[in-house]
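No hydrogens, no waters, no symmetry mates; every other heavy atom, side chains included, goes into these values. So you know, we letter chains A, B, ... as the sequences are listed, proteins then strands, and number each from 1.
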Protein chains: 2
Amino acid sequence: MSQLDHSLIAGLPQFQGMTSEELDHVLANARSQRIAKDTTIFEQEGEANSFFLLLDGHVRVVKSTPDGQQVIVRYISSGELLGIAHALGRTTYPASAVAAVDCVVLAWPSRLWSRFSAQYPAFGVGTYKTVGSRLQEAHTRVIEMSTEQVEQRVAHALLRLANQTGKKTAEGVLIDFPISRQDIAEMTGTTLHTVSRLLSAWETKGLVRSGRQKVTVVEPHKLFMLAEGRPKKD
Amino acid sequence: MSQLDHSLIAGLPQFQGMTSEELDHVLANARSQRIAKDTTIFEQEGEANSFFLLLDGHVRVVKSTPDGQQVIVRYISSGELLGIAHALGRTTYPASAVAAVDCVVLAWPSRLWSRFSAQYPAFGVGTYKTVGSRLQEAHTRVIEMSTEQVEQRVAHALLRLANQTGKKTAEGVLIDFPISRQDIAEMTGTTLHTVSRLLSAWETKGLVRSGRQKVTVVEPHKLFMLAEGRPKKD
DNA sequence: CGGGGCGTTGACAGATGTCAACGTGTGTGG
DNA sequence: CCACACACGTTGACATCTGTCAACGCCCCG
């Protein structure tokens with residue numbers, strides 16, 4: 001395994017304040033791994049042998065119900081940790097992770113989790129902060145699912161994706177990984193049919209432009225209005 | 001302020017492994033407080049000046065949307081921490097907490113949070129474990145909201161309440177604090193009308209007995225069947 | 001060039017919210 | 001101690017959102 005460079009992780013909150021030697025030590029225990037698009041990184045219920053840092057790409061975290069329905073829990077962007085089952089006190093992964101595009105990850109054996117947390121304060125603090133903010137996200141989502149109609153939920157979901165991973169283009173903000181109607185449906189608790197109808201309607205109104213596995217938000221502000229209030233007509 | 005007894009907190013995971021002096025120190029900084037039924041313990045968006053341990057009673061944690069709709073995030077039972085905004089890296093409470101019955105709580109100033117975590121390993125570990133398991137609960141709820149019909153969600157919610165706070169009676173398992181149709185609706189993202197209809201139907205089938213602010217699960221197993229599978233008729 | 005994955009659209013049905021009216025029992029104040 | 005008001009619960013009628021079923025078109029990629 002070739003030596004990995006500090007710059008890969010030096011800027012991330014979890015590794016803040018580490019000396020050069022400490023970064024070396026952390027990286028010496030990591031293995032870097034290329035993940036082809038649509039490959040599973042880890043599987044729900046599988047033994048949580050490793051935890052990961054996404055260096056490049058986008059990863060879809062998916063939970064499946066016993067009867068086979070899938071729900072997309074979140075998308076992970078580069079620089080984020082994933083597979084942190086041990087931070088939740090689990091020994092198996094609570095969900096599956098699939099590369100949405102070709103990805104590069106660093107992987108550490110899970111037993112290093114507690115060592116890192118104990119040894120490097122920033123690591124412990126940073127990751128628990130991550131868990132905390134994911135808890136808040138999850139609650140936000142529960143609130144949305146409880147109080148909003150499908151149209152508002154889909155609008156919110158698109159706006160979040162655009163903010164987190166959006167890429168400015170001439171037409172607007174492009175969600176920069178392939179995403180299907182089915183994917184959006186699994187994020188918002190609806191069906192691909194309803195998502196398709198909504199996107200078509202929005203396209204007519206000029207709010208978005210979308211095509212095969214591709215969505216661009218053209219009018220974020222107007223979409224936000226839709227996501228929030230409930231203007232009957234327009 | 002009278003001296004508080006070790007036995008109040010000695011058994012809880014967060015205070016495991018502390019010496020008698022340490023427990024004294026922790027309790028010396030706490031103030032114990034009676035909370036009358038329906039009183040607000042802390043308010044959403046309010047400054048998180050304190051964190052709490054529920055010694056006795058039941059507390060409803062509620063989030064309100066800007067337009068006034070409410071969602072019950074969870075019920076807290078005795079022995080659990082609440083108001084742990086600082087564990088999430090927040091300085092304001094993300095939700096409101098209301099006493100569902102007369103309660104007793106211990107309250108500590110929030111600035112002691114980081115001191116306790118640093119000083120008492122079990123406290124830090126225990127509370128992060130709490131956050132972790134709440135994250136998993138929240139995800140479970142997202143999955144349910146995404147994939148289940150209202151009837152299944154309400155059944156699941158009742159079963160959870162019965163498990164967490166149920167009291168065995170001659171008729172079955174009684175949820176041992178006052179809970180209205182409206183409350184159940186706010187837990188499951190539906191309306192009091194639908195909940196009322198469901199409970200009436202279940203009562204006819206002998207699965208539950210319910211009355212004013214009171215629900216008893218008579219046939220947990222059959223209710224579970226309903227919550228899981230989707231038997232068309234019966 | 002062809003097949004399969006993705007997307008679109010219409011018709012329809014069913015679950016659940018909305019609106020409205022009416023019980024009922026619990027607690028309070030006279 | 002009784003009466004009454006109000007919170008909580010029930011139920012029907014109806015509207016509507018959104019899922020289901022079905023058919024079809026269009027690209028991409030092999």
Give every pair of a protein N or O atom and an N or O atom of nucleotides 19-21 of chain C that lie under 3.5 Å apart, one pair per line with the distance.
none

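Ion pairing of A:Arg160 with A:Glu137 is absent here, as no side-chain N (NZ or NE/NH1/NH2) approaches a carboxylate O to less than 4.0 Å. Between A:Arg60 and A:Glu186 there is no salt bridge, since no side-chain nitrogen of the basic residue lies less than 4.0 Å from a carboxylate oxygen of the acidic one.
Side chain of B:Thr188 to main chain of B:Val154: no donor-acceptor pair is present (N/O by atom type, distance under 3.5 Å, no hydrogens or angles). Under a 3.5 Å cut-off, the side chain of B:His58 and the backbone N or O of B:Asp176 do not form any donor-acceptor pair.
Within the nucleic acid shown, B:Thr190 comes within 4.0 Å of sugar-phosphate atoms alone, with no base atom in reach, counting heavy atoms only.
When rounded to the nearest whole Å, the span between CG of A:Leu198 and P of C:dG7 equals 14 Å. Rounded to whole angstrom, the span from the NZ atom of A:Lys37 across to the P atom of C:dG5 amounts to 14 Å. The distance between atom CD of B:Glu186 and atom P of C:dG17, rounded to the nearest whole Å, is 13 Å. When the P atom of D:dG19 is taken as reference, atom CG of A:Leu192 falls 10 Å away, rounded to whole Å. In this structure, NZ of A:Lys214 is placed 17 Å from P of D:dC26, rounded to the nearest angstrom. The interatomic distance linking B:Gln213 (CD) with D:dC6 (P) rounds to 17 Å, in whole Å. The nearest whole Å value for the distance from the CG atom in B:Leu199 to the P atom in D:dT11 is 11 Å. Here C:dG7 presents its P atom at 12 Å from CD of A:Glu203, a figure rounded to the nearest Å.
Atom CZ of A:Arg90 has more than 12 heavy atoms from other residues, nucleotides or ligands within 6.0 Å. Within 6.0 Å of atom NZ in A:Lys167, 12 or fewer heavy atoms from other residues, nucleotides or ligands are found, so the atom counts as exposed in its surroundings.
Rounding to the nearest 0.5 Å gives a distance of 8.5 Å between CG of A:Leu135 and NE2 of B:His139. For the atom pair A:Ile143 CD1 and B:Thr65 OG1, the distance stands at 8.0 Å (nearest 0.5 Å).
OP1 or OP2 of D:dT10 sits under 4.0 Å from a side-chain N or O of B:Ser196.
Classified by interplanar angle (parallel below 30°, tilted 30° to 60°, perpendicular above 60°), the ring pair B:His156/B:Phe224 is perpendicular.
Residue whose closest nucleotide on DNA chain D sits further toward the 5' end, between B:Arg212 and A:Arg212: B:Arg212.
Within residues 171-183 of chain A, no residue approaches DNA chain D, by heavy-atom distance under 4.0 Å.
Distance from the side chain of B:Thr194 is smallest to C:dG17 among C:dG4, D:dA7, C:dG17.
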